[in-house]
2 protein chains.
Amino acid sequence: MVRETQKEMRRQRTLDAAEALIRKTGTTEFSMQTLANKAKLSLATPYNLFGSKSAILYALLNRSLDEIAEGAEKAFAHPHPVQRVLRAAASSAAFFVSAPDFYRPLYRFLLGVGDTVHRPAYMERSLDYWKTALLGFVQQDLLPKEAGCEHLARQLVIQFVGALDLWVQEELDDIEFKAQISYGTGLLLLGVARIEDRELLLKHLGTLKRKLPRQSPFVRPPMTGNPPGPPSPGH
Amino acid sequence: MVRETQKEMRRQRTLDAAEALIRKTGTTEFSMQTLANKAKLSLATPYNLFGSKSAILYALLNRSLDEIAEGAEKAFAHPHPVQRVLRAAASSAAFFVSAPDFYRPLYRFLLGVGDTVHRPAYMERSLDYWKTALLGFVQQDLLPKEAGCEHLARQLVIQFVGALDLWVQEELDDIEFKAQISYGTGLLLLGVARIEDRELLLKHLGTLKRKLPRQSPFVRPPMTGNPPGPPSPGH
DNA sequence: GTAAAAGTTATAACCAATTATAAATAATTG
DNA sequence: CAATTATTTATAATTGGTTATAACTTTTAC
């Protein structure tokens, strides 16, 4: 039992070190040697404990995500089904935006990484989050049969992931990201809400318009021929 | 002028070689040396022409995406605004699914890669696609003021990117991906459509339910302790 | 307490992306 | 055509993720 405990401590030390390095440098580009040193371990140990750098960072994301559900408790407590979902959306968006220099690089690294252990855990967690957010609708039996809770929840996950993707790529800034999440969530609810809630939702959407990106949130490429461009930080 | 032409030919040769390698092997894990050989170039040349492996693959994606707009012409010709969007969605989803062994690895590699030239081009292209799809709504002035064409188009991009992400990670199979795109698009339209179109949309959504993932599309992690797991192909 | 088992450490090696450099080559200019 | 210029080529060096190996240490089982 002692052995397992110490192993767990080494694991935590590894994650702590990774978190500290990202927060300090704003990137995930530290070497495994640096990470091992910071965690006071040998180079090989993090590999033994996690398997790869990707797995370490995924585990770190999942650990950080524990806070997201806690932060949403107030939102989940709201009596109005629509407000409950809207606030859950705002809550989780605010969570990422609260530490952009940490979540941007972390998430960016993990997008596109396949991980058979941590990614499914992350996804399941996300689905549960939105199902909980939708609980008000379910309890009051408000959802049309065409949009089951499971399906709607997955759609909310998808729109969140999509918006997160743009945010991570700096195509949305913090304000725009929060607005986009609110907007997308509201729009999806608009489709399934009762008539009497549409008023509320439309007002909600109207409020957001000025925060959403203007013409185009996208940085135009410099139209000067065909530059190789500054080689982006490769993989 | 000759010089520029030959340079362009080398660029195309590079992209052709990359495409061939991905299609043959199903991954983007070929080395730059392999790529250079296949393109009959020296190792340094692709770097001179594009800047990095990421930039090459991004350029390849954008080149392939030229076909997507062509493929959607029939969809864009549909007289009914709602059908026009739904078919545009189905058309682009079908496009990716038409060559999963090519687009999955390509897209997976590019998720999380920042590129100041090709990514913005990709995004702009996507936005234009959806704005074109929404043209029927705009021309008939059907959109509520709370959901401008720009905003709705961006929301459609976001939901597409999100679903694509799940598909790339194999959390959705081909059928589920197409269904999910149709579903998400329909749900977004449901919020803004006229009363008389809701009927049509609800029927559309109802049809899809059986194709969408059941309980959970997510592979559960093997609950056997804390395995390092087979080290995933690292970055 | 002691031997087996598990796991860490130190170290070296391997592979691939990227960069740097000098020599070679081919287009352009006058 | 000759000189200039742009660009590729060949090659080596650098960096970082990952794997392999053997020596060493600590927990565990008897």
Side-chain angles (χ1 to χ4, degrees), chain A residues 1-14 17-18 21-22 25 27-60 105 109-110 112-115 225-235, chain B residues 1-14 17-18 21-22 25 27-58 105 109-110 112-115 225-235:
Chain A
M1 203 66 275
V2 178
R3 184 161 272 161
E4 198 49 44
T5 308
Q6 295 185 326
K7 193 186 259 192
E8 185 53 33
M9 289 181 63
R10 278 188 289 265
R11 254 195 272 268
Q12 290 307 322
R13 277 224 303 284
T14 307
L21 282 171
I22 299 175
T25 67
T27 80
T28 55
E29 278 158 35
F30 50 81
S31 74
M32 288 296 279
Q33 188 59 254
T34 306
L35 176 65
N37 292 346
K38 186 122 195 165
K40 294 197 188 307
L41 296 169
S42 115
L43 170 62
T45 304
Y47 284 102
N48 290 331
L49 293 174
F50 292 91
S52 68
K53 187 175 181 180
S54 308
I56 291 169
L57 294 183
Y58 242 124
L60 179 58
F109 182 96
L110 293 176
V113 167
D115 180 303
N226 217 322
S232 53
H235 270 249
Chain B
M1 202 67 273
V2 177
R3 186 161 273 160
E4 198 50 43
T5 308
Q6 294 185 326
K7 194 185 258 191
E8 185 53 34
M9 288 181 63
R10 278 189 289 265
R11 255 194 272 268
Q12 290 307 322
R13 276 225 305 285
T14 307
L21 283 171
I22 299 175
T25 66
T27 80
T28 55
E29 279 157 35
F30 50 82
S31 74
M32 288 295 280
Q33 188 60 253
T34 307
L35 176 64
N37 291 346
K38 186 123 197 167
K40 295 199 187 308
L41 296 170
S42 118
L43 169 61
T45 303
Y47 284 102
N48 290 330
L49 294 174
F50 292 91
S52 68
K53 186 174 182 182
S54 308
I56 292 169
L57 295 183
Y58 243 124
F109 182 96
L110 293 176
V113 168
D115 180 303
N226 216 321
S232 55
H235 270 250

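So that the names make sense, note that chain A is the first sequence line, chain B the second, and so on, each numbered from 1.
- A sub-4.0 Å separation between OP1 or OP2 of C/dG7 and a side-chain N or O of A/Asn48 is absent.
- The terminal axes of the helix from C/dG1-D/dC30 to C/dG30-D/dC1, fitted over 5 pairs per end, subtend an angle of 20° to the nearest 10°.
- The interatomic distance linking B/Ile56 (CD1) with C/dA16 (C1') rounds to 14 Å, in whole Å.
- We find that CD of B/Gln33 is positioned 11 Å from P of D/dT9, with the value rounded to whole Å.
- In plain terms, the two heavy atoms of B/Pro46 and B/Ala36 that are nearest each other are CG-CB, 4.3 Å.
- Closest heavy-atom contact between A/Leu57 and A/Phe30: CD2-CZ, 4.3 Å.
- Nearest heavy atoms, B/Ile22 versus B/Pro105: CG2-CG, 3.8 Å.
- Contact annotation: B/Gln6 side-chain N/O to C/dA27 OP1/OP2 distance is under 4.0 Å.
- The CZ atom of B/Arg10 sits 11 Å away from the C1' atom of C/dA27 (whole-angstrom rounding).
- Phosphate contact (OP1/OP2 of C/dT9, side-chain N/O of A/Thr45, threshold under 4.0 Å): present.
- Interatomic distance, CG of A/Leu35 versus CZ of A/Arg13, reported as 11.5 Å (0.5 Å rounding).
- Closest heavy-atom contact between A/Lys53 and A/Thr28: NZ-O, 2.7 Å.
- Rounded to whole angstrom, the span from the OH atom of A/Tyr47 across to the P atom of C/dA6 amounts to 24 Å.
- Taking every heavy atom of both residues into account, A/Arg11 and A/Phe50 meet most closely at CG-CZ, 3.5 Å.
- Taking each heavy atom of A/Ser54 and A/Leu110 in turn, the nearest pair found is O-CD2, 3.8 Å.
- In this structure, of D/dA20, D/dG17, C/dT18, it is C/dT18 that holds the atom nearest to the side chain of B/Ser52.
- Rounded to an integer number of Å, the gap from CZ of A/Phe109 to P of D/dG16 is 14 Å.
- Rounded to whole Å, the distance from CZ on B/Phe50 to C1' on C/dT18 is 17 Å.
- Distance, B/Leu41 CG to D/dT11 P: 16 Å, rounded to whole Å.
- Atom NZ in B/Lys7 sits about 17 Å away from atom P in D/dT5, given to the nearest Å.
- Mapping B/Lys40 and B/Leu43 onto DNA chain D by nearest heavy atom places B/Lys40 at the nucleotide closer to the 5' end.
- Residue A/Lys53 places no side-chain N or O under 4.0 Å from the OP1 or OP2 atom of D/dG16.
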